[in-house]
Amino acid sequence: MRDLEASARLAVADFGLDREIAVNDFAARSWNRMPAHGLAVGRWTWTEGSAAAALVGPDDTFVTAVRTDTGEPLAIPQHRQQRGALGDDFVLVMPDEDNLVLALWSPEGGDVRVWYRGPADATVEARARVGDELEYFLGEPTDATTGSLLRVDLRTGELTERAPRIGRDYRQLDARRYFTAVRAEPVQTGAEIKWTYDLLVFDAESRVYTTIAERVDDFVHVPDQGVLYLDSRGDEPGLWAAPLTSR
């Protein structure tokens, strides 16, 4: 904390070490006072284990990054947008105006590794990182709610297709199985048109899809228990539960 008149630091606690790790020097332009910018403005993003933190500025880029153990500032690579953190790294959109180029930036070593390059309007979301392998969702050009699941080796650049068709809303159940919901068909509900969903489990090893239910109105996945879904169009309409455990 700081006394604005005396410009002197005030103690905020009697214990521990009071260390200033970063300063938000654009406060007048941030904290969601600018309607054109999203809710991430003025927020901190943390890597896994809170080893490093980065502050999101009004133009949706990282404006400050620090090591949280020492408060040491980090040199932020040039980028045009940020997409949060994934594991020990931050996700950056690189300064390429003609393509979408996504990279991982390691705040510890400073390395920047590009893991996706494609059309500027592509829907790409990093989802999981295991060692040197990164898994991401790639939306279809005509319907970004459905796409494919890909895995890239960050050392070699080798690309593997994990699932040829998967919904944007999915959960990994174990090393090979994924639960997902994909759009089925639109239905008229009063003045609105809503989508129904097919609920599926995909086995990346056998490449087989198993259908849990078709054309459901709504659903919720409860980890380690199963999926609850509302079915008003099947042979036995009602609220159903399907066991679906992770292993």
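Start at 1 with the first residue, then count along the sequence.
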Salt bridge (charged side-chain N to carboxylate O under 4.0 Å, His left out) between Glu214 and Arg233, intermediate numbers included: CA-CA 9 Å; Glu214 297 179 313; Arg233 294 170 181 77; over 6 Å; no
Using side chain to side chain contact (heavy atoms under 4.5 Å, CB included), reason through Gln82 and Phe90 one step at a time and then give a plain yes or no. CA-CA 8 Å; Gln82 60 78 31; Phe90 291 109; over 6 Å; no
Given the rule in the side chain to side chain contact (heavy atoms under 4.5 Å, CB included) test, do Trp240 and Val227 qualify, once you have shown the distances and angles that lead to the verdict? CA-CA 8 Å; Trp240 289 77; Val227 57; over 6 Å; no
Set out, in order, the CA-CA distance, both residues' side-chain angles and the distance that settles side chain to side chain contact (heavy atoms under 4.5 Å, CB included) for Arg83 and Leu102, then state yes or no. CA-CA 9 Å; Arg83 293 199 177 179; Leu102 300 171; 3.9 Å; yes
Test side-chain hydrogen bond (donor to acceptor under 3.5 Å, both in side chains) on Ser232 and Asp217 and set out the steps. CA-CA 7 Å; Ser232 64; Asp217 299 277; 2.7 Å; yes
Audit row: Tyr116, Leu138, side chain to side chain contact (heavy atoms under 4.5 Å, CB included) steps and yes/no: CA-CA 10 Å; Tyr116 178 83; Leu138 176 62; 3.9 Å; yes
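Val112 has its side chain out of reach of Gln78: every pair of non-hydrogen atoms, C-beta onward, lies at least 4.5 Å apart. Side-chain atoms of Leu104 and Trp115, non-hydrogen and from C-beta on, do get closer than 4.5 Å to each other. Looking at Thr47 and Asp89, their side chains never come closer than 4.5 Å, going by heavy atoms from C-beta outward. For the pair Ser106/Arg113, no side-chain contact is recorded, criterion being any heavy-atom separation below 4.5 Å from C-beta on. You'll find the side chain of Ile212 reaches within 4.5 Å of the side chain of Phe179, heavy atoms only. Taking the side chain as every heavy atom from C-beta outward, Thr68 and Trp46 approach each other to under 4.5 Å. Side-chain contact between Arg151 and Leu134 is absent, with no heavy atoms from C-beta onward closer than 4.5 Å. Counting only heavy atoms from C-beta outward, the side chains of Ile166 and Phe137 approach each other to under 4.5 Å.
Screening Val56, Leu74, Leu55 for a side chain to side chain contact (heavy atoms under 4.5 Å, CB included) involving Thr64 leaves a single residue, Leu55. Under the ring pair (Phe, Tyr, Trp, His ring centres under 6.0 Å) rule, Phe202 has a single partner from Tyr170, Tyr178, Tyr209, which is Tyr209.
By the criterion of side-chain heavy atoms lying less than 4.5 angstrom apart, applied directly or through intervening Ile, Leu, Val, Met, Phe, Trp or Tyr residues, Leu159 is grouped together with Val91 in one hydrophobic cluster. Linking Ile, Leu, Val, Met, Phe, Trp and Tyr whenever their side-chain heavy atoms come within less than 4.5 Å leaves Leu244 and Leu228 in two separate clusters. Residue Leu149 is not grouped with residue Val152 when hydrophobic side chains (ILVMFWY) are merged at heavy-atom distances under 4.5 angstrom, including chains of intermediate members.
Of all heavy-atom pairs between Arg207 and Ala204, the closest is CD-O, 3.3 Å. Smallest separation of non-hydrogen atoms from Leu86 and Ala126: CD2-CB, 3.9 Å.
A salt bridge links Asp203 with Arg176: the distance from a Lys NZ or Arg NE/NH1/NH2 to an Asp or Glu carboxylate oxygen falls below 4.0 Å.
Here the side chain of Glu140 pairs no donor or acceptor atom with the backbone of Thr142 at under 3.5 angstrom. Under a 3.5 Å cut-off, the side chain of Asp198 and the backbone N or O of Arg215 do form a donor-acceptor pair. Side-chain N or O atoms of Asp143 include one that pairs as donor or acceptor with a backbone N or O of Thr145 at under 3.5 Å. Of the possible donor and acceptor atoms, none in the side chain of Arg162 sits under 3.5 Å from a partner among the backbone N and O of Leu150. Counting only distance, with no hydrogens or angles, the side chain of Glu133 and the backbone of Glu135 share no donor-acceptor pair below 3.5 Å. Of the possible donor and acceptor atoms, none in the side chain of Glu161 sits under 3.5 Å from a partner among the backbone N and O of Ala163. With Thr146 contributing its side chain and Gly167 its backbone, the two residues share no donor-acceptor pair below 3.5 Å.
Note that the CH2 atom of Trp105 and the CD1 atom of Ile76 stand 5.0 Å from one another [nearest 0.5 Å]. Taken from CD in Gln81 to NE2 in His79, the straight-line distance is 9.0 Å, to the nearest 0.5 Å. Taken to the nearest 0.5 Å, the CZ atom of Arg129 stands 14.5 Å off from the OH atom of Tyr136. A distance of 10.5 Å separates CG in Leu199 from OH in Tyr197, rounded to the nearest 0.5 Å. Atom OG1 of Thr196 is separated from atom CG of Asp218 by 11.5 Å, given to the nearest 0.5 angstrom. Annotation: the span from Asn99 atom CG to Arg117 atom CZ amounts to 6.5 Å, rounded to 0.5 Å.
Counting heavy atoms of neighbouring residues, nucleotides and ligands inside a 6.0 Å radius, atom CD of Glu158 does not exceed 12 of them. Counting non-hydrogen atoms of neighbouring residues, nucleotides and ligands closer than 6.0 angstrom, the CD atom of Glu108 reaches no more than 12 such neighbours.
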